[in-house]
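Worksheet: the structure to be examined is printed underneath.
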Protein chains: 2
Amino acid sequence: MNKFEQLLRVNHIKVTPQRLRIVEELYGHVHMSIDELYQAIKKKFPTISLATIYKNINAMIEKGFILEVQIPNQKSKYELVKPSHSHVVCQTCGKVEDITLDLDTIAHKAANLTHYQIKEEALVLSGLCPACKAG
Amino acid sequence: MNKFEQLLRVNHIKVTPQRLRIVEELYGHVHMSIDELYQAIKKKFPTISLATIYKNINAMIEKGFILEVQIPNQKSKYELVKPSHSHVVCQTCGKVEDITLDLDTIAHKAANLTHYQIKEEALVLSGLCPACKAG
DNA sequence: ATATCATTAGAAAACAATTATCTTTTAAAT
DNA sequence: ATTTAAAAGATAATTGTTTTCTAATGATAT
């Protein structure tokens with residue numbers, strides 16, 4: 001049993017070829033929109049329905065092993081859950097990268113100021129990637 | 001000329017009653033979704049069209065004096081631009097609050113790590129507000 | 001391996017959100 | 001006051017997402 005199959009089983013979600021392809025794609029591409037997933041999977045799996053992508057992405061989000069990443073001026077992307085991290089986005093080419101930043105201090109400060117109990121942090125930094133910065 | 005009219009003029013966007021009401025509402029409520037805006041404005045301005053809200057919000061975003069705030073599990077909210085700040089959201093009641101946090105250190109760290117030129121920071125912290133935390 | 005049962009996939013329709021189009025109205029500059 | 005470009009409002013068109021229904025399939029117990 002490979003790790004993708006395992007990922008589904010561990011999360012108590014039935015293993016289907018379509019679901020395996022979704023997690024394989026996300027593993028390979030890190031961040032993908034619904035439509036990118038659909039296009040990618042259709043290549044090797046022409047019969048898949050867009051509704052299947054939606055239903056499965058939503059199911060996986062509920063199970064808690066994939067995550068939606070909201071990005072300014074782009075459709076949301078989805079990624080496999082991994083240790084907490086932030087995202088850097090190029091405003092020109094749209095590229096999205098993971099970055100590990102320690103937000104604990106900031107989160108604590110926010111908790112003290114607002115008296116909220118903070119559970120999630122979503123930080124998206126937008127700017128120019130090295131390539132687009134160069135010209 | 002009041003400050004809302006001034007805000008529109010400064011941004012070279014024609015002053016209309018509908019636009020004045022939009023910025024007045026946003027000034028009063030700080031964060032509003034398209035539909036909240038629509039419902040609020042319809043009360044005193046029953047003839048306004050939803051399309052007018054959309055067109056104007058988009059125009060104002062382009063002019064750069066209102067901003068979209070993307071929030072997990074909620075429709076986007078819009079706010080008047082003011083000094084850079086972050087947002088805290090209650091996962092139970094949905095309330096959104098502004099919070100001033102210094103992200104400069106983090107942004108610089110990100111720039112060093114990724115070699116991106118960082119231009120915008122969007123931090124959304126989710127959790128439980130004092131009331132919902134209490135039960 | 002086979003039968004059973006609940007879940008899923010796929011296709012289409014329904015629904016929701018957003019944008020575009022067109023005509024009438026209006027702001028603002030002459 | 002007149003003119004003109006832009007905006008409002010109504011509707012249609014488009015896009016994105018969810019639901020519904022039936023056939024197919026994965027998991028479990030034989």
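Chain A is the first sequence line, chain B the second, and so forth, proteins listed ahead of strands; every chain is numbered from 1.
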Next item on the list: Walk me through it: do A:K43 and A:Q39 pass the test side-chain contact (heavy atoms from CB on, under 4.5 Å)?
Entry: CA-CA 7 Å; A:K43 281 183 193 163; A:Q39 298 305 331; 5.9 Å; no
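- For A:N58, a side-chain nitrogen or oxygen approaches OP1 or OP2 of D:dT18 to under 4.0 Å.
- Using a 4.0 Å cut-off, no side-chain N or O of B:S49 falls inside it from OP1 or OP2 of D:dA8.
- To the nearest angstrom, P of D:dT17 lies 11 Å from CD1 of A:I57.
- Each of B:K55 and B:K75 was assigned the nucleotide of DNA chain C with the nearest heavy atom; the assignment lying further toward the 5' end belongs to B:K75.
- Note that CG of B:N112 is 9.0 Å distant from CD1 of A:I99, once rounded to the nearest 0.5 Å.
- In the set C:dT8, D:dA27, C:dA9, C:dT8 carries the atom at the smallest distance from any side-chain atom of A:I13.
- Of the residues in residues 16-24 of chain B, those with a non-hydrogen atom less than 4.0 angstrom from any atom of DNA chain C are B:P17.
- Side-chain atoms of B:R19 do not come within 3.5 Å of backbone N or O of B:N56 as any donor-acceptor pair.
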Margin query: If you apply the rule side-chain contact (heavy atoms from CB on, under 4.5 Å), what do you find for A:I66 with A:I22, and how did you get there?
Written below: CA-CA 11 Å; A:I66 81 168; A:I22 288 175; 5.6 Å; no
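- Within 4.0 Å of A:D35, counting heavy atoms only, lies no atom of the nucleic acid at all.
- In this structure, A:I48 atom CD1 and D:dA24 atom P are separated by 18 Å, rounded to whole Å.
- Relative to the side chain of A:A51, the nucleotides C:dA11, D:dG16, D:dA7 differ in distance, and C:dA11 lies closest.
- A straight line from CD1 of A:I53 to P of D:dT17 spans 12 Å, rounded to a whole angstrom.
- Counted by atom type alone, B:E68 and B:S76 present one or more donor-acceptor pairs between their side chains at under 3.5 Å.
- B:T47 comes within 4.0 angstrom of sugar-phosphate atoms only, judged by non-hydrogen atoms across all strands, and of no base.
- Between the P atom of C:dA28 and the CD atom of B:E5 lies a distance of 7 Å, rounded to the nearest Å.
- One atom, OH of A:Y54, and another, P of C:dA13, lie 18 Å apart when rounded to the nearest Å.
- Within 4.0 Å of A:I34, counting heavy atoms only, lies no atom of the nucleic acid at all.
- We find that CG of A:L50 is positioned 16 Å from C1' of C:dT8, with the value rounded to whole Å.
- When each of A:Q74, A:K77, A:E79 is tested with A:H31 by the rule side chain to side chain donor-acceptor pair (under 3.5 Å), just one qualifies, namely A:E79.
- The shortest distance between the side-chain N/O atoms of B:K14 and the OP1/OP2 oxygens of D:dA5 is not below 4.0 Å.
- Taking atom NE2 of residue B:H12 and atom C1' of nucleotide D:dA5, one finds them 17 Å apart after rounding to whole Å.
- Rounding to whole angstrom units, OH of residue B:Y38 and P of C:dA17 are separated by 13 Å.
- To the nearest 0.5 Å, atom CD1 of residue B:I48 and atom CD1 of residue B:I41 are 4.5 Å apart.
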